[in-house]
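The structure under discussion appears below in the form of structure tokens.
Chain letters run A, B, ... following the sequence lines, proteins first, then strands; residues in each count from 1.
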Amino acid sequence: MNSLAKLLEAALFASPRPIPTDELAALDAEASPAALQSALDELREHYDVDGHGVELVDVGGGWQVLTRPEYTEAIERAQLAVRPTRLSPAALETLAIVAYRQPIGRAEISEIRGVDVGAVIRSLHERGLIDVVGRAEGLGRPLLYGTTPAFLEQFALRHLEELPRVDELAIALRKAGDPGVPVAEPQPA
Amino acid sequence: MNSLAKLLEAALFASPRPIPTDELAALDAEASPAALQSALDELREHYDVDGHGVELVDVGGGWQVLTRPEYTEAIERAQLAVRPTRLSPAALETLAIVAYRQPIGRAEISEIRGVDVGAVIRSLHERGLIDVVGRAEGLGRPLLYGTTPAFLEQFALRHLEELPRVDELAIALRKAGDPGVPVAEPQPA
Amino acid sequence: MDLVTAPATARDPATASPADGTFVVDLDGFNGPLDLLLALIRDEQVDIYDIPVARICGQFLSRMHELRLNEAAEYLEMAARLIRIKAQMLLPRKDGLDQWEDPRAELVRRLLEYQQMREVVDVLEKLGEDRRNRFGRSYLAQAAAPPPAPLALSLSDLLVAVDRVLRASRKPSIHEVIPRALDVDGAMETVRAVLQLRAHARWRDVVRAGAEPWEVLSGLLALLELAKRSELHLTQPRPFADVEIRRELAGEAA
């Protein structure tokens, strides 16, 4: 490919959106419109003739290099191989305690749950659902945990205060369990 | 190009992040590891020999297509893509220490840098460049940090062993048997 | 947008953007007392293994003063250390040089360690620059990019777990967080009032913008309760879209 075609390929690859012809022209002030057009043609032909997984498309409003449609299915299938993961009941209970009692230390959670929660805390922390928010006073100054913005995002909550009160839990549980109804503030995040 | 190479190209053009080798393998269940490797080689060679604006790079245990550096200036001048922000010296110093001394706690990093590193650690953690990899024994069981795959990606490293070994650095301790060997070998993430 | 290309906020200490005052680093051009000390040793062209402590200590103090670092704890600590070493150097040495423990040894070790790390920083800086000079793909086709390994976890899962904990726990002191009671009845009145005026409404018609969290939740529970009583019909075209509220004929007749 000629050097203008290579530059166009790099720009089209890097751009988050389609690029109109006049913006492509800004890449090389010395290139004539005819030279630009012939570089675009060369790039398109190169993708088509050499057999590539991508193609140059005029999407209306600009040029874009896109994955050929015949490969989309295989790509999506490969991505779906990564299945959503679920939290264990132990992790969920620990998360529930942190949500309602934060800031709270490991010892206190262990006391409520009646088992050591070290590993569970680590895994919730790794998932970004809880984080260290401070240290308690007293012996060893134990770490205190709280929920993270990712926690709110997971449940589409804007604030922690959107969690139901404990005495509203029964009704909220009934409602939240209803299929097909939104459980959180139904506005775009 | 053969059909597997085309499929790989399509997938790589569809992903903003490096794709791990096992995910690439999931694209075609029937392809052997050898076939996958030879398709990757073919794709890389094609980009190199045919003269493309992009190239295939091997980074952090995965593969990524990147633009060639010679086109960056023109693309940025034409405002078709934006380069990411540079890391601060404080962040780089902290990353350097974590990369060579992981797993390592905040106190130890602060000691080496001679300044408190709490805020820098938080921000590196938020950017996903370091992560908690465990806890030290002892008072308060401080968190220990290590580098992440995103760290490798940010510096286009295949693995940590690509960083210079300590004995390859110009500054080495003169006295044999000095108790404080300054920086250990990079540990695998 | 991925982590690498994500724009940093101005207050992010990991980026080379303006410092926020808590960072001595970017204010004076030095990354801390060790960095300043190394700069002095370089400027004075002295041997790092044989630092003239008295001279370097004097220089350190005057640079601290020039750079207005007198308030910075880390610099003060280093200044104190230098003064201590200077005093120790003046003590008469014991018989036999072999026995003499150089009071500078620990400082030298730390300086070398720091210097070595600076060398790694140079390597990282170069690698990072090389990477910044290449663009990755930033266009994302809508259909082809589901979020990786999403967590299958709903609010009801969480609430069920809260319930489980409450039932199991002998000390259910789990009630301190939420300060406001809900007013579901009041919210139901509001919804009914809106639906008296019009057959169709949206979420924003029944819960004001900028509503308090308890109002949001009250409104939500009210809608669900009224839907259950068949007074209205709720639809949401897609997740997070505005909820559409339609008056049910049954409700109208009632």
Handout entry: Test item: C:Arg137 and B:Ser15 side chains (from C-beta on) under 4.5 Å apart, heavy atoms
Key = no

NZ of C:Lys126 to CZ of B:Phe155, rounded to nearest 0.5 Å, is 12.5 Å

Subject >> Chi angles and distances behind the side-chain contact (heavy atoms from CB on, under 4.5 Å) call for B:Glu111, C:Arg110 >> reply: CA-CA 9 Å; B:Glu111 157 104 18; C:Arg110 285 190 63 192; 4.1 Å; yes

Does the pair B:Tyr100 and C:Gln116 meet the rule for a side-chain hydrogen bond (donor to acceptor under 3.5 Å, both in side chains), with working shown? CA-CA 11 Å; B:Tyr100 279 75; C:Gln116 199 175 53; over 6 Å; no

Run the salt-bridge test on C:Glu113 and B:Arg101 with the 4.0 Å N-O cut-off and return the result as yes or no.
-> yes

Test side-chain contact (heavy atoms from CB on, under 4.5 Å), reference C:Phe135, set B:Val54, B:Thr72, B:Val82, output is B:Thr72

Minimal heavy-atom distance between B:Val115 and C:Gly32, with the atoms involved, is CG1-CA, 3.6 Å

Checklist entry - Are C:Glu129 and B:Arg86 close enough, and set up right, to give a salt bridge (charged side-chain N to carboxylate O under 4.0 Å, His left out), and what steps lead you there? => result CA-CA 8 Å; C:Glu129 266 315 276; B:Arg86 213 183 256 114; 3.2 Å; yes

Between the CG atom in C:Asn133 and the CZ atom in B:Arg83, the distance rounded to the nearest 0.5 Å is 4.5 Å

Result for side chain to side chain donor-acceptor pair (under 3.5 Å) between C:Arg134 and one of B:Glu55, B:Gln64, B:Glu70 points to B:Glu55

>> As a quick check of understanding, evaluate side-chain contact (heavy atoms from CB on, under 4.5 Å) for C:Leu127 and B:Leu157, giving each step before the final call.
In response: CA-CA 8 Å; C:Leu127 291 171; B:Leu157 292 166; 3.7 Å; yes

Practice prompt. Could you please spell out the steps behind the side-chain contact (heavy atoms from CB on, under 4.5 Å) verdict for C:Leu124 and B:Phe151?
Written response: CA-CA 10 Å; C:Leu124 287 182; B:Phe151 166 80; 4.1 Å; yes

Heavy-atom closest pair (C:Val121 atom, B:Ala96 atom, distance to 0.1 Å) is CG2-CB, 4.0 Å

Sequence neighbours excluded, the answer for side-chain hydrogen bond (donor to acceptor under 3.5 Å, both in side chains) partners of B:Asp131 is B:His125

>> Tell me whether B:Arg135 at atom CZ has more than 12 heavy atoms from other residues, nucleotides or ligands lying less than 6.0 Å away.
In response: yes

Please check if the number of heavy atoms outside B:Glu73 that lie under 6.0 Å from its CD is greater than 12. no

If one checks every heavy atom of B:Val59 against chain C at 4.5 Å, the contacting part turns out to be neither

Item to complete: Assess whether side-chain contact (heavy atoms from CB on, under 4.5 Å) is satisfied between B:Arg113 and C:Leu34, documenting all intermediate values.
Response: CA-CA 7 Å; B:Arg113 286 200 48 222; C:Leu34 289 168; over 6 Å; no

CE (C:Met117) and CG (B:Leu92) are apart, to the nearest 0.5 Å, by 10.0 Å

Worksheet item: Is B:Glu153 salt-bridged to C:Arg131, cutoff N-O under 4.0 Å?
Response: no

Q. Taking the side chain as C-beta and beyond, is there a heavy-atom pair between C:Asp130 and B:Pro69 under 4.5 Å?
A. no

Checked B:Leu95, B:Leu66, B:Ile121, B:Ile75 vs chain C; the most non-hydrogen pairs under 4.5 Å come from B:Leu66

